[in-house]
Amino acid sequence: MTTLATNPTADATPPAGERYWRSLDELADTPDFREAIKHEFAEYDPEEIQSMSRRSFVKLMAASMALSGVTFAGCRRLPEERMAPFAARPEGWVPGTSVTYASMNELAGVATPTLVQAYDGRPIKIDGRATGSSTYLQASILEMYDPERARWVYQGNGQGAYERTDWGAYAADLNARLEASGDGTGVGILTQFTSSPTAERLKQAIAAKYPGLRMYAYEPINRDNAVAGSELAFGKPMRPLIDTAKAEIIACFDDDLMGVHPNGPAHAKGWAAMRRRMDDATPKMNRVYVAESTMTLSGSVADERLPVPSGQIAAVLMVLARRLGVSGVGSATLPPAIEARGGGALIDPQTFVAKLADDLQANAGQ
């Protein structure tokens, strides 16, 4: 009779004629445990297997492995792939090594020179080349491998649905519509913002041939208010090109100039250059004023920061304009002073506007 021994260690060998118990029930050796052991493998009959012929056993095992997908897993034909090797390998190119090349990334019409690192033709890293890199630029590499990225051209069928096509058919359909319209009346082209001289030249050529054509540019996150403001100030819509490296005073009103702005890295680089400047052996730094409703990158480096709700930004601007002597500006009331985060001194909008106005007047044109 086999007896159960107490388990001293996991790897020890039990005494002769004994074996280690595997559960407390087995150690107790109750009738219920013995009955459960008999039915542990209900479909398993040792006597049936022992009486089975070798041929029947092999057939049974083969069928079981086939059902589990084991038998032919290593022999299954993989999907066909086509490889296109180099007819003439570029000189100095070694497979599996990284290659860095110059490129350009455009965000909301602002072009940023970049350096792209690629392995065997697959881009894996993008960095700014001249002005630094932003979070948007770093994340743009994910667009290359986005599973939801459009892979084909789709064309409307006139019934509210879209059908897959190619660029040749799409261009032919567009040209046919333009020719049928005569001067382009009734046809509109929607594009994204761009600062490409080539794209602008092509737009002008199309507009000259089809004067009735309408072109629209759209970005989901845009700076249309800045363009509208430039039209009020200069008589025509323009996009401001800001050079912070020449600015003694920078004032931001609910505008993250160094963060979410499409040209944020360049603005931050110019601001930093003015911070490190030395004038006649006397330290002279630029100053940054920020009035905003939430903390931003520009606000984090501001010399004077005014936390104010977005709805009261216009009031701050109006009071500032009146203090600078701008005519035609209505009166406004500044919000009350608020306590700085963490307690301590009060942040007074009147003091903020007074300091900003004095600095702007002292650095007129800069």
Side-chain angles (χ1 to χ4, degrees), residues 104-113 130-131 134 136 174 178 181-271 289-292 298 310 313-330 332 356-357 360-361 363-366:
M104 186 274 295
N105 182 280
E106 193 171 37
L107 175 64
V110 177
T112 301
T131 59
S134 67
Y136 298 100
L174 178 59
L178 289 172
S181 66
D183 63 348
T185 302
V187 180
I189 297 179
L190 178 64
T191 65
Q192 62 185 13
F193 290 158
T194 179
S195 55
S196 168
T198 301
E200 186 63 27
R201 176 177 57 82
L202 292 174
K203 287 181 179 180
Q204 294 178 0
I206 295 174
K209 184 175 181 180
Y210 302 100
L213 178 70
R214 292 292 179 265
M215 293 190 182
Y216 305 92
Y218 171 77
E219 293 283 350
I221 300 178
N222 56 66
R223 304 186 66 82
D224 289 348
N225 288 338
V227 175
S230 68
E231 185 173 13
L232 292 174
F234 306 108
K236 59 180 179 179
M238 296 183 294
R239 284 185 298 167
L241 181 60
I242 302 171
D243 189 357
T244 53
K246 298 179 180 179
E248 297 287 353
I249 305 299
I250 299 174
C252 302
F253 297 89
D254 229 6
D255 185 11
D256 189 9
L257 196 66
M258 305 179 199
V260 300
H261 193 285
N263 207 23
H267 296 161
K269 183 178 181 180
W271 163 81
Y289 292 81
V290 176
E292 58 187 6
S298 301
S310 296
I313 292 291
V316 177
L317 281 168
M318 293 174 66
V319 173
L320 175 63
R322 289 174 63 88
R323 192 177 182 94
L324 293 175
V326 178
S327 60
V329 179
L356 176 55
L360 289 176
Q361 291 174 334
N363 297 273
Q366 295 179 306

Worked verdict on Thr191 versus Met215 for side-chain contact (heavy atoms from CB on, under 4.5 Å)
CA-CA 8 Å; Thr191 65; Met215 293 190 182; over 6 Å; no

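When atom types are taken as modelled, the side chain of Asp255 and the backbone of Cys252 share no donor-acceptor pair closer than 3.5 angstrom. Checked by atom type and distance alone, the side chain of Glu219 pairs as donor or acceptor with a backbone atom of Phe193 at under 3.5 Å. In this structure, Ser298 contributes its side chain and Met258 its backbone to a donor-acceptor pair below 3.5 Å. Of the possible polar contacts, one joining the Ser195 side chain to the Gly109 backbone as a donor-acceptor pair under 3.5 Å is found.
Going from atom CZ of Arg322 over to atom CG of Leu317 covers 14.0 Å, rounded to the nearest 0.5 Å. Distance check: Glu231 CD to Lys236 NZ gives 11.0 Å after rounding to the nearest 0.5 Å. Annotation: the span from Leu320 atom CG to Tyr289 atom OH amounts to 10.5 Å, rounded to 0.5 Å. How far CD1 of Ile250 is from CD1 of Ile242: 9.0 Å, rounded to the nearest 0.5 Å. One finds the OH atom of Tyr210 at 9.5 Å from the CD1 atom of Ile189 (value rounded to the nearest 0.5 Å). Atom OG1 in Thr185 sits 7.5 Å away from atom CZ in Arg214 (nearest 0.5 Å).
Leu190 CG: more than 12 foreign heavy atoms inside a 6.0 Å radius. Within 6.0 Å of CG on Asn225 lie no more than 12 heavy atoms contributed by other residues, nucleotides or ligands.
In this structure, Trp271 and Thr244 approach most closely via the heavy-atom pair N-OG1, 3.3 Å. The shortest non-hydrogen separation linking Leu178 to Ser181 is O-OG, 2.7 Å. Shortest non-hydrogen contact noted between Leu107 and Pro262 is O-CB, 3.4 Å. Residues Leu324 and Gln361 approach most closely at CD2-CG, 3.6 Å, considering heavy atoms. Across every non-hydrogen atom of Leu213 and Val187, the tightest pair is CD1-O, 3.1 Å. Minimum interatomic distance between Ala321 and Val329 (heavy atoms only, all atoms of both residues): CB-CG2, 3.9 Å.
Proximity of Arg239 to Asn263: side-chain heavy atoms (C-beta onward) are nowhere separated by under 4.5 Å.
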